[in-house]
Amino acid sequence: MAEPGQEQQGAAQPAAGQPQELTEHEAAIYDRQLRVWGVETQKRLSAARVLIAGCTGLAAEVAKNIVLAGVGSVTLADDTPCSACPPSNFLVPAGAAANSTVAEACVLTLREMNPFVQVSALPGPLSAALTPEALCRHDLLLLCGQPASSVAAADAACRQAGVAFYAGACRGIYGWAFADLQEHHYVVEKKEEQADGSASKSAEEHSERFASWGEALGCSLQGVSLKRLSKLYLLLRAAARFEQQHERFPAAADAEQLAAAWAAEAGAAGIDAAALPAEALSAYASDGDDMPAINAIVGGVLANELIKAVGRKGAPINNFFLFSLLEGAGAVERMPPPANLDSIALVFASLAAGSNMGKAPIRLKEVVYTLSPFEQSVMSGLWKDLPHKAAHHAANLRDAVLFCVLPIVGISYYCADFKEKEKQHHRY
Amino acid sequence: MGGVEPLATAWPYGATSSELKKRVEEARVLAVGAGGIGCELLKTLALSGFKHIEVIDMDTIETSNLNRQFLFRKRHVGHSKALVAAEAVRAMRPGIEVKAYQGNVKERQYDVDFFRRFDCVLNGLDNLEARRHVNRLCLAAGVPLVESGTAGYLGQVSVHIKGRTECFECQPKPAPKTFPVCTLRNTPDKPIHCVVWAKEMLFPLLFGAPEASDLNDGAAAEKEGEDSSAAGTADDPSFYKRQDGESSRQYAERVFRQQYGAKIEELRGMEDLWRNRPAPQPLDLDSLLQQAQGQANGSSASGGSSTASGGSACKALGLADAHAVWTVPQNAALFLQAAQQFLDDRPDEIGAAQFDKDDTLAVEFVTAAANLRAACYGIPMQSLFDTKGMAGNIIHAIATTNAIVSGLIVLEALKLLAGAPEACQTSFLHQQVSGSKRLVSRMAAPEPSPACMVCGTASVQLALNTNTWTLQQLVDKVLKGRLALIAPSITCGNFTYEEGEGLEEDEVEFYRGLLSRPLSQLPGGGLAHGSMLEVGDQEQHFKAQLIISHREDWDEEQHPEGFELSGSLPAAQAAPPAAAAPAAEAVAAGEPAAGVRGGSSAAAAPAAPAGKVALQETDDGIVLLSSDEEGDATEAAVPAAAAGKGKRKAPEATEAEDGEAKKARVEAAADDVVDLLDDD
Ligand SMILES: [Zn+2]
């Protein structure tokens, strides 16, 4: 195993955070993907530092994908001994030393896979990845295969540290991914073909706000069409209730408790409990392993999203990807859903647009972060529909907005979301 | 597979049952292809508990595979994909039996009996012909087939069960894009025309066997019949022979002056051509070289030695950025440098060289040659990176899409083993979600089309000129080229033609003698308008009826190949009910496929439900049933325009898509790329 290590040291490593030109060898290896996402994304990717906590089969898929893609560095955290390795983690070879950790074994395989990528294991338990010291050395945390209680804690830590957060898990016939990029700026590139066969590119700047894990699973479902909502989302709400309380996934023996959690969740949200069949619940509360096929699907989607997030190019999934064999399909849900337009939101949308125009944005973060998920999603949802003109004038609006609108929003937020917040506080 | 008992716990809840686990352990599966999809598929199969896996691939590993074919390492470059992949899977999960075949799935030993041994066949292929071949063998063997394809972020998986769901060929596949020769030779108006010209016409003239090039060949043949405007520009191969005592530099300059000077002047003289378009402008080599000297500005490498550059003319000239569009003088310098290096460093290849997208010098030469031509015609020039994509028909490929598709394939295989064929579906992976909120969407597997030439009983109409078409052309262009037969046989009344093994020597001789005859002059009265041909392929267990219709006037723009195939579908074929509803879902949801866009598929099968059209095309005009594998010239690179579509823009196309590369599709390339698992 010395060979990959040496190779890795020999390879020029980009200084963290500073995209560098691709070498000839990198260009040869990455040729096919450069044709998909371009040189700029590749350079950003090669400067990105990703931390993955929890070396499940899903984590192995994501790690493989982003290491092949040429991410700058990947740090793995999981001190499970190889003897207890999840069977779906294919990065741990069958002959791995039983006393080494899963993370250490994965590191060796990943280094071999792409010597350009710095791969290392974070010593200590998984929770070491959630400390500010660990987070501040990375651009993004991916938490895999952990119950809702851990996801909530990790998300909170990432918000504190200003680090992008992803989570995912696969259980039985289900797999999900969650994203909280807090405030994410990105460009959408459009390529138009001209009559002469040449292509002209234009880039539009966008920004989007993400809800926290607590907000995403604790939001009101009023006005949400249950018919169009993925059942797995409802299931996650029930599971979150159970996992928050027990700080672990429900096992087969917990099926009844999970059903009770669902009954409580459905009651609190004002939905008919029949929306989720009992079998669907017990398929989640199982001792069974994950399905490698679903790991591959969710892991592929997650890796695409990670690459989009660090490349700051392309609209990210905001905020759930939910794959379930019940539906045989993979849905993207935004929770809480973008609410209806109102006048306050409109002004706010201009504000969001203004802060996104490349000029130094006013620091509204503190204020904005305390907004309810409703306003947050309204803002970004609306911003898309706004005519360019409005965005253009937004800069002039700033002062007016700061002094006139914030109080109104504050009040609106307080009234609209008091109940919701209270519930969340109670839970988390 | 129709006989597989349903599980005690029905799908999907039975997906994790021990009963299914046991069936999976006992099942035998064949993975066709160990490339982009194949590597992921083998891994996912192994992890899912499959214990008897066989894999077949004829290719060897290349550097550009390493970004996604994760079972391979740098040290494996040049080795067999099938063997290395099998070894890697065995190392990953010992105790799994993985049998690898390095070979072409179209070879005789992989016959119906070979296929019959499997519970299901899983395709991760990179070309249309091999897919059709495997489809036919699976039908003959009665083994279900899970088919897949990827392109960039897009992916698709479908299930084909004989008698239950449609076969791979139930829906017509768009014909490959072709360019009229006279456009390439005289009136290019797109970058791709220049690239194709440089790769297919100029490169063989200088370095290859010009007579082997279809285009140059055709030029000579057309010379007699055609009007002078087109004929005047055909190249005389003797001009491109190096003269005694001529240095490589002198030769390169002479070719330059001929191609971009004299011939452009000559073309300008054909005034008919320039009534509705601007006439091309010749390039003056001397002034370009002066400018190049100025731009190089002390760069000692200019015109420098080729030995130090390691086979790259760009390096010798200091042209480092493959993504930049170089100036005309730079391209002129590159043209000369690349030609010179080719002649000096690789003398053994001259006269037999073939363009290869991984041949640095060849790509550099084609880039320069294409850009110079573009400069003459006022067409935008391209970067080396983009030119390489166009010239090599390189398909965009990323690991994530392959991984996702491998998961979707295995899920369908599990359904088959679970005895739940009714749950089988066609899955689509999209780049963006739209109204449906689905990133991975599904459609119930459509029922077989009774009008299918392969699994049904339909006949096909073939329009061509029976007086000018030879039997050879019929066999090569239509039966092999378009119907994907390997060893075709033809019967029509008293006339018989056969190929393949098992023939006596005198039979072979006799049939060979027929090949050069025009169809109307064949024995038994000749083939004429209305002749009904029984065509077949013993090895594929394939049979179909071909009805000839004689047509004399052919528009080269519309039908560069001079023939047209059409299905004789009943006008009001009822849409398979199973497909109708999900198709509607896909359309209403504003999926990329976005409904029926009245294209070739819809035109050929008027009542095809929308979802079926969706099966074949994406916003980008790609045929989705292609795989990530590069060199997939036969199908993945078909532009919407080729299928007669108005190109639809993806409203949320976020990634820079190399549209032109996808469109790069030349008829000549189809001949280059007939082998299975072509170079991935
Ligand atoms: Zn068919």
Side-chain angles (χ1 to χ4, degrees), chain A residues 27-39 57 61 64-65 68-70 87-88 90 93-94 112-113 172-173 188-193 196-199 201 228 279 283 286 288 291-297 299-301 303-304 313-315 321 323 325-326 328-333, chain B residues 12-13 15-16 40 43-44 47-48 63-64 66-68 70 73 91-94 152-153 189-192 322-323 379-380 385 389 394 396-401 403-404 406-408 410-411 414 423 425 432-433 437-442 630 647 649 652-661:
Chain A
I29 287 191
Y30 299 142
D31 183 274
R32 298 305 179 265
Q33 67 200 40
L34 288 175
R35 294 175 193 281
V36 175
W37 55 57
V39 183
E61 287 283 351
K64 170 207 65 181
N65 292 336
L68 287 172
S88 57
F90 57 92
E112 264 225 317
M113 218 175 267
I173 61 171
V188 173
E189 225 171 53
K190 300 214 157 132
K191 203 167 180 181
E192 301 249 327
E193 201 183 318
D196 63 5
S198 66
K201 275 188 202 168
R228 284 174 57 83
E279 288 164 303
S286 75
M291 287 179 71
I294 297 181
N295 284 337
I297 295 166
V301 171
N304 276 345
K313 195 161 130 192
F321 173 72
F323 188 89
L325 291 190
L326 295 178
V332 170
E333 297 284 358
Chain B
Y13 299 115
T16 52
E40 293 287 342
K43 172 261 301 167
T44 310
L47 297 176
S48 300
T63 302
S64 63
L66 301 179
N67 81 321
R68 60 195 187 285
F70 78 104
R73 305 284 174 261
M92 185 187 288
R93 291 292 176 265
Y153 288 101
D189 58 9
K190 290 192 164 68
I192 183 66
H323 295 269
I379 298 167
F385 181 81
I394 294 175
H396 313 161
I398 46 176
T400 48
T401 308
I404 296 167
S406 83
L408 293 170
V410 170
L411 287 179
L414 292 177
Q425 64 185 51
Q432 293 280 332
V433 285
K437 302 198 293 188
R438 296 275 168 95
L439 195 66
V440 179
S441 66
R442 73 179 295 270
E630 57 234 43
K647 182 160 172 165
K649 292 286 174 199
E652 292 176 300
T654 53
E655 297 298 331
E657 294 276 24
D658 197 342
E660 203 59 58

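Chain naming here is simple, since letters A, B, ... match the order of the sequence lines and numbering starts at 1 in each.
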CG on Leu408(B) to CD1 on Ile297(A), rounded to 0.5 Å: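 Going from the CD1 atom of Ile297(A) to the CG atom of Leu408(B) covers 4.0 Å.
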OG on Ser64(B) to CZ on Arg35(A), rounded to 0.5 Å: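 Going from the CZ atom of Arg35(A) to the OG atom of Ser64(B) covers 9.5 Å.
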Please tell me if the side chains of [X] and [Y] come closer than 4.5 Å, counting only heavy atoms from C-beta onward.
| X | Y | answer |
| --- | --- | --- |
| Arg68(B) | Gln33(A) | no |
| Tyr13(B) | Leu325(A) | no |
| Ile404(B) | Phe323(A) | no |
| Asp31(A) | Phe385(B) | yes |

Donor-acceptor pair, side chain of Lys437(B) and main chain of Arg228(A), under 3.5 angstrom: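 Pair found, side chain donor or acceptor close to backbone of Arg228(A).
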Can you name the closest pair of heavy atoms from [X] and [Y] and give their distance?
| X | Y | result |
| --- | --- | --- |
| Arg438(B) | Ala329(A) | NH1-CB, 3.5 Å |
| Asn65(A) | Ala403(B) | OD1-CB, 4.2 Å |
| Ile173(A) | Ala15(B) | CG2-CB, 4.0 Å |
| Ile29(A) | Asn67(B) | O-CB, 3.1 Å |
| Leu47(B) | Pro87(A) | CD2-O, 3.9 Å |

Taking side chain as everything from C-beta outward and backbone as N, CA, C, O, which of these in [X] sits under 4.5 Å from a heavy atom of chain B? Side chain, backbone, both or neither.
| X | result |
| --- | --- |
| Ala331(A) | both |
| Met291(A) | side chain |
| Val39(A) | side chain |

Proximity breakdown for Thr63(B) and chain A, heavy-atom pairs closer than 4.5 Å: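 Both parts, heavy atoms under 4.5 Å.
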Residues which pass salt bridge (Lys or Arg N to Asp or Glu O under 4.0 Å) with Arg93(B), listed by chain and number, not counting sequence neighbours: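 Testing Arg93(B) for salt bridge (Lys or Arg N to Asp or Glu O under 4.0 Å), a comparison that skips the adjacent residues, returns none.
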Greatest number of heavy atom pairs closer than 4.5 Å to chain B - which of Gly300(A), Ala296(A), Gly330(A), Ala293(A):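 The candidate making the most pairs under 4.5 Å is Gly330(A).
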